[in-house]
Every structure is written in structure tokens, then in C-alpha cells.
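Structure record follows, encoded as C-alpha cells.
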Amino acid sequence: MEDRKRVSVEGNGQEDDQSSAAKRSKLELEGILLAYGNPLLDISVNDDSCVSLLEKYDLKANNAILAEEKHLPMYDELVDKYPNKVEFIPGGATLNTMRAVQWLLQKPKSTTYFGCINKDKNGDIIKQKCEEAGVNVQFQYTDKERTGTCGVICTGGDRSLIANLAAANCFTEQHLDDPANWKLVEKAQFYYSAGFPLTVSPASMLRMARHSKEKGKTYCMNLSAPFLCSVFKEPMMQLLPFVDFLFCNESEADEFAKVHEYGTTDRKEIALKMADLPKEDSSRPRTVVITQGPDPVLVAKDKKVTEYPVKQLPKEKIVDTNGAGDGFVGGFLSQLVQGKSLEECVRCGMYVGNVIVQQAGFTLPGSPSFA
């Protein structure tokens, strides 16, 4: 079909940003990518009968929200009602992405991660699993709240995420004032955050983004959820002028266009408008990447849009769609930090997305086979 064919464009949209950087060897990767996010322990259940919980707690089958008081009993109910199906997996969108990057690079501590947890059982699980994955986690600790959790309810190929940030809400900019932590910021050449920390410490995101711009580095962000585009519009728009690579899925792109009154539902037009938003360093055009599930990935830059067809998986192979977008960004970033072409970044993103949806929860099997 015509809409599945990639639209040709001049260049791959990335070499200008990285013409001075040779492709990096694994020996040069330590600390190259630093991320800040909301660390959560995913409490995940994949069972069609969970539809009853969606109805009980007024949840949508394919959505991401912050937990309200009425949702809090749900976490215990998931464990009690599905004891043989519940899985506990280190999560939070940004941390998922960093784990994917580490899995692909196979070089310990290529990624550094900031976030806030409690020194409780759940916090210990997150720390242990991340260190095993090779992520250099440098947590801020609090005793004001328990480690955050995220209910992941998977039904019929859809997933509903209900995040109880708890300790993650306690992250402060003071963590960046620690000389050892700021040294890690200075060492990094690339930065990434999902949009969710806009609800916690946008000042921390902005501080790292300003540093990135001043030093000619690369700052990447994900819109992450439709509600962030409206409820947290102000801090998002303060950060966007510093964003070099902006990621989102189709529902987030649609909401962003609605909030900013773009007057179109054509996602190619939306991507171009997002790419053309004001930027602090106008010499480095913004790249916008929109994933659309099974439909082509859209990439906008330099007033051009490229479509990348997605390899279709048989429906019976799709186990759990939770984290597919996080995995895509992880694959993309793993190639970006190595100076690879934009086409290769997208190809690796789609590879990881396909791997993730064939697993229960955000799990990464064995060694990667991406070549």
C-alpha cells in the first residue's frame, strides 16, 4: 500500500549534528547517556479477566495516569487476586528505556540514571535489578514515602498504567548539587527523560537541558502521556526549546496538536509543526519521532517527513504491549549515542519494540540479536 512506503528525503537528518563525531567504540561509551526519571516497581498482570478491575477503578484499557486515592487499593488487589500471574519488574518509563540501551550496548555503566526511592524492599529490588542490567543508578533516597509502584493491567493486547509515584515525587534539584552527581552530568554527551518527571522536578530537567545546550550536547525527551500535554503544558513548553529529539506516540501527538490548536489531525503536519517550535539553538534543528503502533513511524526534521514501515507481528506473538514505546526509544538512543544514522536508530527502535511486545512485562531476553 502507498501509505506504507517510506517517503524519500534528502539525507538522513542526523549527520549534521554528528559530523564531528566518529562512530564510538564500546570503550568510549561509559557514562555517555544520562537520564532522570520516576523509578517505579511495576506490579504487572496480563489477564483478560482484569477487565473487571478496569471497570471497578474507572480505568481505560490503553492509557497512562497518575493514581488517585480511589486507585490505591488496586495494587494490593492485583497481588491478592492474581498471585500466580503477578510480576514485579523495575519500571518507570525512563528506567525502562535505560535498561534497553544497556541491553543493546553491552557495556556496563554506559547509562546513568537519577531518580528517588526509599531504602525499602521495593527500592532494593529496583536497585539490584538495575545494577545487574549494567545501569549506573545514582538514587536520591527519602524516608517520607515508600518506593513508587505502577499497576500494569494488560488485557487483550492493551495496557493500562496507573502510577503511584510516592518516593519518586520526592526527587529534588539538590541531587544535582552533589559534586559527584554533577560530574556525571558533565561527563554525559546525551540526556534523556520521559515527560513524567515534569510532574516532579521540571527544574532538574531544565538545568540539565540548559547544560546540554551550552556545551553543544544532545537533549532528548518523550511526551509520554496525553495528560502531560495539557495539565503540565507550561513546564513542558519551557523545556521544549532545549529539546533536540522529541518522541511521542500517536495519542500524545494528537493531544499535543489539540492543546496547541494546530487545526489538523494529519500527523505528518503535526510532526512538522512540533519540529518547527522555537529552539534555543536554531543551528541544530529538532527531530520529532512519532510512533503509531503497527503503522509507520514518522520522523520530521528540516521541514521534511520520513515514514518508516513497521514490521508486522502475527497477533498470536503479541504478549504484552506495556513498554513497547520505552523500548523503541531505548533502541533509538542506543544507536544515536554511537553516531549511527537516523535510519539505523529507527530500525533498532523497531527491533526492540518487537522484542518487548513478545515478553510479559518489560523484560529483555538473553543477548540482543540486532545487527
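Ile290 has its side chain out of reach of Lys268: every pair of non-hydrogen atoms, C-beta onward, lies at least 4.5 Å apart. Side-chain contact between Phe139 and Pro39: present, with at least one pair of heavy atoms (C-beta onward) separated by less than 4.5 Å. Between Pro285 and Lys303, every side-chain heavy-atom pair lies at or beyond the 4.5 Å cut-off. Considering only heavy atoms from C-beta on, Cys248 stays 4.5 Å or farther from Leu246 through its side chain. Side-chain contact check for Val135 versus Trp103: every heavy-atom pair is 4.5 Å or farther apart. Between Leu40 and Thr149, every side-chain heavy-atom pair lies at or beyond the 4.5 Å cut-off. For the pair Pro197/Ser204, no side-chain contact is recorded, criterion being any heavy-atom separation below 4.5 Å from C-beta on.
Between the Ser282 side chain and the Lys279 main chain, no donor and acceptor come within less than 3.5 Å of each other. A distance-only check finds a donor-acceptor pair linking the side chain of Gln358 to the backbone of Asn354 [under 3.5 Å]. A distance-only check finds a donor-acceptor pair linking the side chain of Arg286 to the backbone of Pro278 [under 3.5 Å]. Remark: side-chain polar atoms of Arg99 are paired, donor with acceptor, to backbone N or O of Pro90 under 3.5 angstrom. Formation of a donor-acceptor pair under 3.5 Å by the Thr291 side chain with backbone atoms of Val297 is not found in this model. Between the side chain of Asn38 and the main chain of Gly92, no donor-acceptor pair closer than 3.5 Å is present. Remark: the backbone N or O of Thr172 is paired with a side-chain donor or acceptor of Gln140 at under 3.5 angstrom. Formation of a donor-acceptor pair under 3.5 Å by the Thr287 side chain with backbone atoms of Lys301 is not found in this model. A distance-only check finds a donor-acceptor pair linking the side chain of Gln102 to the backbone of Lys107 [under 3.5 Å]. Tyr351 places a side-chain N or O within donor-acceptor distance of the main-chain N or O of Ser369, the cut-off being under 3.5 Å.
The 12-atom threshold is not exceeded at CD of Glu69, counting heavy atoms of other residues, nucleotides or ligands nearer than 6.0 Å. More than 12 heavy atoms of other residues, nucleotides or ligands shown are found within 6.0 angstrom of NZ on Lys70. By the neighbour-count criterion of 12 heavy atoms within 6.0 Å, atom CD of Glu132 is densely surrounded, having more than that number from other residues, nucleotides or ligands. Taking a 6.0 Å sphere around CZ of Arg347, one finds it holds more than 12 heavy atoms contributed by other residues, nucleotides or ligands.
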Which is it for Leu223 and Cys229 under the side chain to side chain contact (heavy atoms under 4.5 Å, CB included) test, yes or no, and what are the steps along the way? CA-CA 7 Å; Leu223 294 185; Cys229 300; 4.1 Å; yes
Verdict with reasoning, Lys56 to Glu77, per side chain to side chain contact (heavy atoms under 4.5 Å, CB included): CA-CA 11 Å; Lys56 179 177 180 179; Glu77 189 167 348; 3.1 Å; yes
Please assess Phe88 against Val79 for the test side chain to side chain contact (heavy atoms under 4.5 Å, CB included), listing each intermediate value before the final yes or no. CA-CA 10 Å; Phe88 298 92; Val79 177; 4.0 Å; yes
What verdict does the side chain to side chain contact (heavy atoms under 4.5 Å, CB included) test give for Leu105 and Val337, after you've listed the backbone C-alpha separation in whole Å, the side-chain angles of each residue and the deciding distance to 0.1 Å? CA-CA 10 Å; Leu105 294 181; Val337 302; 4.2 Å; yes
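A donor atom on one side chain and an acceptor atom on the other are found under 3.5 Å apart for His211 and Tyr191. Side-chain contact, Ser44 with Arg159: no donor N or O sits under 3.5 Å from an acceptor N or O. No side-chain donor-acceptor contact under 3.5 Å links Thr264 and Asp266. When only modelled atom types and interatomic distance are considered, Tyr192 and Thr111 share no side-chain donor-acceptor pair under 3.5 Å. No side-chain donor-acceptor contact under 3.5 Å links Thr218 and Asp244.
Taken from CD1 in Ile89 to CG in Leu95, the straight-line distance is 12.0 Å, to the nearest 0.5 Å. Between the CD1 atom in Ile270 and the CD atom in Glu250 there is a gap of 11.0 Å [rounded to 0.5 Å]. The line from CD1 of Ile153 to CG of Leu53 is 5.0 Å long, rounded to the nearest 0.5 Å. One distance of note links CG of Asn62 with OG of Ser251; it measures 7.0 Å at 0.5 Å rounding. Considering CG of Leu336 and CG of Leu33, their distance stands at 9.0 Å, rounded to 0.5 Å. Between the CG atom of Leu59 and the SG atom of Cys50 there is a distance of 11.0 Å, given to the nearest 0.5 Å.
Of all non-hydrogen atoms in Phe114 and Gln138, the two that sit nearest each other are CD2-O, 3.6 Å. Taking all atoms of both residues into account, the shortest heavy-atom contact from Tyr141 to Asn118 is CD2-C, 4.3 Å. Annotation for Ala300 and Val305: closest pair CB-CG2, 4.1 Å, computed over non-hydrogen atoms. In terms of heavy atoms, Leu34 sits closest to Ala188 at CB-CB, 3.8 Å. Contact detail for Ile356 and Ala324: the closest heavy-atom pair is CG2-N, 4.0 Å. Nearest heavy-atom pair across Gly327 and Phe362 is N-CE1, 3.7 Å.
Aromatic rings of Phe242 and Tyr219 (six-membered ring for Trp) have centroids beyond the 6.0 Å cut-off, not under it.
The pair Glu131-Lys127 counts as a salt bridge, with a side-chain nitrogen and a carboxylate oxygen less than 4.0 angstrom apart.
Side-chain heavy atoms closer than 4.5 Å link hydrophobic residues (I, L, V, M, F, W, Y) into clusters, and following such links, possibly through other members, connects Val289 to Met350. Under the 4.5 Å side-chain contact rule for hydrophobic residues, Leu333 and Val346 share a cluster. Residues Leu313 and Val352 fall into different hydrophobic clusters, defined by Ile, Leu, Val, Met, Phe, Trp and Tyr side chains chained together at heavy-atom separations under 4.5 Å. Leu239 and Val200 fall within a single hydrophobic cluster, where Ile, Leu, Val, Met, Phe, Trp and Tyr are joined by side-chain heavy atoms under 4.5 Å apart, directly or via other members. In the hydrophobic cluster analysis, where Ile, Leu, Val, Met, Phe, Trp and Tyr join through side-chain heavy atoms closer than 4.5 angstrom, Met74 is grouped together with Leu54.
Relative ring orientation between Phe245 and Phe247 is described as parallel, the plane-to-plane angle staying below 30° on a 0-90° scale split at 30° and 60°. Ring geometry for Phe227 versus Phe232: interplanar angle over 60°, hence perpendicular rather than tilted (30 to 60°).
Sorted by first and then second residue, the pairs that involve residues 206-217 and meet salt bridge (charged side-chain N to carboxylate O under 4.0 Å, His left out), not counting sequence neighbours, are Glu173-Arg207, Asp177-Arg207.
Taking the side-chain hydrogen bond (donor to acceptor under 3.5 Å, both in side chains) definition, one finds that Glu186 meets it with Trp182, sequence neighbours left out.
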Exercise answer: donor-acceptor pairs, residues 254-263 side-chain atoms, under 3.5 Å, sequence neighbours excluded:
{"from": "Asp254", "atom 1": "OD1", "to": "Arg267", "atom 2": "NE", "distance (Å)": "2.9"}
{"from": "Asp254", "atom 1": "OD2", "to": "Arg267", "atom 2": "NH2", "distance (Å)": "2.9"}

